[in-house]
Number of protein chains: 4
Amino acid sequence: MSRRPRSSDTLTEAQKKIVEAAVAAFAEQGFHGTATRDIARRAGVAEATIFKYFPSKRDLLLGVLGPAIEHLVGPAMARSMDPLFDASYPTFEAFLRALLAERTAFVRAHPQLARILAQELPFDAELRIGIASRVYAPILAKGIALIERFQREGQIVPWPPPLVLRCIVSTFAGYILHRVFIAPDAAWDDEAEIERVIAFVSRGLSPGQPA
Amino acid sequence: MSRRPRSSDTLTEAQKKIVEAAVAAFAEQGFHGTATRDIARRAGVAEATIFKYFPSKRDLLLGVLGPAIEHLVGPAMARSMDPLFDASYPTFEAFLRALLAERTAFVRAHPQLARILAQELPFDAELRIGIASRVYAPILAKGIALIERFQREGQIVPWPPPLVLRCIVSTFAGYILHRVFIAPDAAWDDEAEIERVIAFVSRGLSPGQPA
Amino acid sequence: MSRRPRSSDTLTEAQKKIVEAAVAAFAEQGFHGTATRDIARRAGVAEATIFKYFPSKRDLLLGVLGPAIEHLVGPAMARSMDPLFDASYPTFEAFLRALLAERTAFVRAHPQLARILAQELPFDAELRIGIASRVYAPILAKGIALIERFQREGQIVPWPPPLVLRCIVSTFAGYILHRVFIAPDAAWDDEAEIERVIAFVSRGLSPGQPA
Amino acid sequence: MSRRPRSSDTLTEAQKKIVEAAVAAFAEQGFHGTATRDIARRAGVAEATIFKYFPSKRDLLLGVLGPAIEHLVGPAMARSMDPLFDASYPTFEAFLRALLAERTAFVRAHPQLARILAQELPFDAELRIGIASRVYAPILAKGIALIERFQREGQIVPWPPPLVLRCIVSTFAGYILHRVFIAPDAAWDDEAEIERVIAFVSRGLSPGQPA
DNA sequence: CATGAATGAGTGTTCATTCAT
DNA sequence: GATGAATGAACACTCATTCAT
């Protein structure tokens, strides 16, 4: 550990700074609204340095989101969600509680990535199919399997699992978006809010009379 | 005022074509991703003509969204939603059903505007506060009043009305987004889907045990 | 014809200036060695104006050479050379004299185009085949026909016409290049030089003993 | 001087690879059209290594052509042409034959250098005067002396020696360029072609009637 | 009313070159 | 001796915008 750090992950110091700067800039101004010159300034490197590592601005977007998706949404999500998928959760409500906590934590940890993703996804077909195949599909499969288990156990209503999943995801997404992006500064009684969101979903999907 | 009638809406033919072209272009490629040259080509007018009517590209965005908001979300929404807010709805479920139908119809009628709005809102503070004050606030007020009425009548759970509203909106938004944008081509049994979405919200907010 | 000139050939004033500037710049510094910014400065227009008319720098090269070739080397060459190909020339030597005079005049009139052409041809396959098919081939055909006529008349040696043509062209090209580009400032006794160059070719191709 | 012999020509292995790569690249794409990065890749060295040996890209061009000219065109040419200049050649025609054979062989051996030279010469004044003084002038002097000798012997026409030389060079250049660069793949009867080219020059310069 | 022509200020990207290691 | 990392300056090209006509 004399003087060449080149430490953690074969990432140059500059490379890391570029990615950080790009994340911040894209989140604030969008992909199209951000000039590479701006990213360079933020990162404290020359513009040319950016292109040493990311052949094009688009590659920078993918280089920013790609690892984020892979690390934080792919394996990492699997890592954090696999416990949820284990048989360990005795009740549906316990599962919901764990899921909401986990996803909130993720968005809290990387709000910018979530933002960029949400912004570029509608305009970027390549990104979309990449996400769809690498992230969405696996998660969907696992989620549906779990829903089916809870349905077999009679814990939730026997609707089509994708619909059930969408009800859960919509409600949670609404909560998280509001909490993290729309009104982050409001005074919240988080515990009570969460309890009620959980209760809403839980009761909404409870196996009462058929529909 | 010799021969040009400048009839219906004080909109030149050219003006209408420009707005239509802009809506299409912005929806497809985003605001930043669209060149005025492209809009001009789509509208079949010279680039300079655009700037005759809309002093800047930004003004074009506002000119596209502004009227849309005012006409279609403001008065029109009032028109279509006022009945909802009337005491006429005997049950909460009937209200939900009417609301979902009306909102689905609106997004179906103007999917591009919905898209542009969703895409530009996060990056455009001015737009955001404009919408917030002119659209969001009035709707919110009316919605909350209605929620409170249903709560007083004991039809729904006595949670904070904003939270209740968010549960409704999230679920409906999830359904509509999926139905119109994400999987518009899938084979849907719309009636059954809607029934279940309504049932989900309705049960989720039913006044059972306290939470 | 009040105030908008847009005279001669539907060419903007700017367009003409751009082409002239490009010709001068390319001739002096080569295609790669010339920056569009430089051309803009020379032409007294904004860089963007160049790209209004010539979508890319390459298109500017073609736009500069293309018409030049078509107008000045194609039809114009035909116009100036067709007389040469007519039966009007009684002797081979008279033909040589006329040809050399005409080609010298052409290069003198457009030395820059000749220079650019010579410089870019070796690196530009597209240009090469364009020239080959549009200019070289027709000329070659006519030239060979003429050579054959002189051969039938017994005025010149019965070698393969292409070889004969090459002997003529090489010698003339050597003279013209030297005269116009390499030593334009030297004191020349043009008349005597030309006489001797003609004599050289004429005697070299005279039908003496077979070879 | 421990283990690196730095043997033959005081050229590192790397240096040689760089020069070779540069020659190939320049010949294919021209000097301006070639990026140092490209040369480095071809040579299998780092870009910085190039600048170790050649302070600038321009120096690389000179370093490529300079020695090539000195070694291959200067001394080597002298070596191969000196015999030509000796009294050994009894007839002018024999001299022509030897000269054409030798120059054809040279261009065949180093077609790339010939190409680069031809391409950069018009744009590079420094190169031009370097060549002029170091290569052209000596050759010219020797050539003129030889011409004068043949003229004194009455073998060729008593025109100004430079003109005579230009006739020879033009014709030979035309032949070689065509043979090596323009139509290298055509089916040639080389022997017959050469005979005729020689005959053309020889007769063209034969001391017939004055001109 | 509408436009063709023109542009200043940027855009993403490439280049030859430097230097600490 | 050789290089990976970094860069300032320039590059071709695009943009939203203006204005005489």
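Proteins come first, then strands; the chains are lettered A, B, ... in the order of their sequence lines, and each starts at number 1.
Near DNA chain E, meaning a heavy atom under 4.0 Å away, the residues from residues 29-38 of chain D are D:T34, D:A35, D:T36.
Phosphate contact (OP1/OP2 of E:dT3, side-chain N/O of B:T49, threshold under 4.0 Å): present. Close to F:dA16, at under 4.0 Å from its OP1 or OP2, lies a side-chain N or O of B:K57. Contact between the side-chain N/O atoms of D:Y53 and the OP1/OP2 oxygens of F:dA2 is found at a separation under 4.0 Å.
Summarising the geometry, the separation between CG on D:L60 and C1' on E:dC15 is reported as 15 Å, rounded to the nearest angstrom. Look at CZ on C:F54: it is 14 Å from C1' on E:dA5, rounded to the nearest Å. The distance from atom CD of B:E13 to atom P of E:dT3 is 13 Å, rounded to the nearest whole Å. As rounded to whole Å, 13 Å separates atom P of E:dC1 from atom CD1 of B:I18. In this structure, B:R41 places its CZ atom 11 Å from P of F:dT14, rounding to the nearest Å. Put simply, CD1 on A:I39 is 13 Å from C1' on E:dT13, counting in whole angstrom units. To the nearest angstrom, P of E:dC15 lies 18 Å from CG of D:L61. Put simply, NZ on C:K17 is 11 Å from C1' on E:dA6, counting in whole angstrom units.
The pair B:R41-B:E47 does not count as a salt bridge, with every side-chain nitrogen at least 4.0 angstrom from each carboxylate oxygen. Salt bridge status for B:R42 with B:E28: present, with a side-chain N to carboxylate O gap under 4.0 Å.
Checking F:dC13, E:dT14, F:dT17 against every side-chain atom of B:F51, the shortest atom distance belongs to F:dT17. Considering only side-chain atoms of C:A48, the nucleotide from F:dG4, F:dT14, E:dA2 that sits closest is F:dT14. The listed nucleotides are E:dT17, F:dT17, E:dG4; the one nearest the side chain of D:S56 is E:dT17.
Between the CD atom of C:Q15 and the OG1 atom of C:T49 there is a distance of 10.5 Å, given to the nearest 0.5 Å. Separation of atoms OG1 (C:T12) and NZ (C:K17) is listed at 10.5 Å; rounding is to 0.5 Å. Atom CZ of A:F31 sits about 13.5 Å away from atom CD of A:Q119, to the nearest 0.5 Å.
Nearest-nucleotide positions on DNA chain E place B:K52 closer to the 5' end than the other of C:I50 and B:K52.
Listed here is the closest heavy atom pair of A:V64 and A:A22: CG2-CB, 3.8 Å. Looking at every heavy atom in both residues, B:A21 comes nearest to B:I39 through CB-O, 3.7 Å.
Across all strands shown, F:dA9 is found opposite E:dT14 as a Watson-Crick or G-U wobble partner, with both distances under 3.5 Å. If you check E:dT3 for Watson-Crick or wobble pairing at under 3.5 angstrom, you find it paired to F:dA20.
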